[in-house]
Amino acid sequence: PITVLPAVVGASTGAPTPSTTHAGVFSSDVSAQLADLVPLPKVVLTLPMAPAPCAARLVVSYPAARVRPRGVIEEQHFGRASAVAWRDDPVQGRVTVEFVDPTASVGALALVFEPRQPLSAGRLALSEVSVVSATLYDREGRVRGGTVTPQLIR
């Protein structure tokens, strides 16, 4: 059974709600393992189409006090023909994503985040993530126009 504790009892702030499991006569606190059951949020970044870029360098800002990036993946198909690399700057709260797709077939990338406190009430909001800069390239390596925008959080 899970007992939900109030956030404030009298003048004292409550502790995180413990979760215990029972196996026969043994009881164990499994609160630490609950974080593994919470799905990691991902922000979907839509790339411009007609045609899709063959490469891109994106700089995306995020709320570093609340989340940290865990990876960048293709949203539609996982690793079919592209290469995705990323590096984090937690001090600035920015992720730089470098992406190459010779087939120009990928229409969206997903930035996966891990909440710093996964069991807290606050979740990542779309307004907290923004594309600071986006440089897109065509098949010949020329810079091309287009915008990249965060579309949704899953």
Side-chain angles (χ1 to χ4, degrees), residues 2 4-8 13-19 21 29-154:
I2 295 177
V4 177
L5 301 177
V8 178
T13 301
T17 299
S19 177
T21 186
D29 182 357
V30 294
S31 300
Q33 286 78 28
L34 285 178
D36 293 336
L37 300 175
V38 177
L40 297 178
K42 67 179 180 179
V43 175
V44 177
L45 303 170
T46 302
L47 302 173
M49 299 304 288
C54 289
R57 176 173 290 130
L58 313 173
V59 178
V60 181
S61 69
Y62 66 93
R66 296 186 44 233
V67 296
R68 62 180 147 259
R70 299 300 289 172
V72 180
I73 57 173
E74 288 182 33
E75 180 60 8
Q76 308 95 319
H77 43 75
F78 300 103
R80 183 177 69 192
S82 69
V84 180
W86 63 279
R87 64 185 174 281
D88 181 27
D89 181 354
V91 174
Q92 296 292 320
R94 293 186 175 183
V95 175
T96 300
V97 178
E98 293 168 332
F99 167 71
V100 176
D101 175 27
T103 65
S105 64
V106 176
L109 298 173
L111 214 62
V112 181
F113 290 100
E114 177 183 9
R116 292 194 181 270
Q117 296 183 359
L119 300 179
S120 67
R123 296 291 290 170
L124 186 64
L126 191 57
S127 62
E128 296 177 288
V129 177
S130 65
V131 177
V132 176
S133 68
T135 307
L136 308 171
Y137 301 92
D138 66 12
R139 192 173 306 281
E140 285 77 38
R142 296 180 302 239
V143 174
R144 57 161 280 195
T147 58
V148 176
T149 53
Q151 292 296 313
L152 59 102
I153 293 180
R154 291 189 182 155

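Keep in mind the model is a prediction, meaning the values are calculated, not measured.
- Lys42 and Ala110 get closest at one heavy-atom pair: CD-CB, 3.8 Å.
- Put simply, the side chain of Arg66 never gets that close to the backbone of Pro115: no donor and acceptor are under 3.5 Å apart.
- Residues Ser105 and Thr103 come closest through the heavy atom pair OG-OG1, 2.9 Å.
- Contact between Met49 and Arg144 at its shortest, heavy atoms only, is O-NH2, 4.3 Å.
- In terms of heavy atoms, Ala104 sits closest to Arg139 at CB-NH2, 4.1 Å.
- Residues Phe99 and Leu47 share a closest heavy-atom pair of CE2-CD1, 3.8 Å.
- Under the side-chain contact (heavy atoms from CB on, under 4.5 Å) criterion, Val143 pairs with Thr135, Tyr137, sequence neighbours left out.
- Inter-residue side-chain proximity for Pro48 and Thr147 is flagged as unmet; no heavy-atom pair is nearer than 4.5 Å.
- Looking at heavy atoms from C-beta onward, Val84 lies out of side-chain contact with Ile73 at the 4.5 angstrom threshold.
- Side-chain contact between Pro102 and Val100 is present, with at least one heavy-atom pair separated by less than 4.5 Å.
- Counting heavy atoms from C-beta outward, Asp101 and Cys54 have side chains that stay 4.5 Å or more apart.
- The heavy-atom pair separating Ala64 from Gly93 by the smallest distance is CB-CA, 3.9 Å.
- To the nearest 0.5 Å, atom CZ of residue Arg57 and atom CD of residue Glu98 are 4.5 Å apart.
- Here the options are Val97, Val148, Val44, the test is side chain to side chain contact (heavy atoms under 4.5 Å, CB included), and the partner is Leu109; only Val97 passes.
- The one candidate from Val67, Leu58, Val95 that meets the side chain to side chain contact (heavy atoms under 4.5 Å, CB included) condition with Leu111 is Val95.
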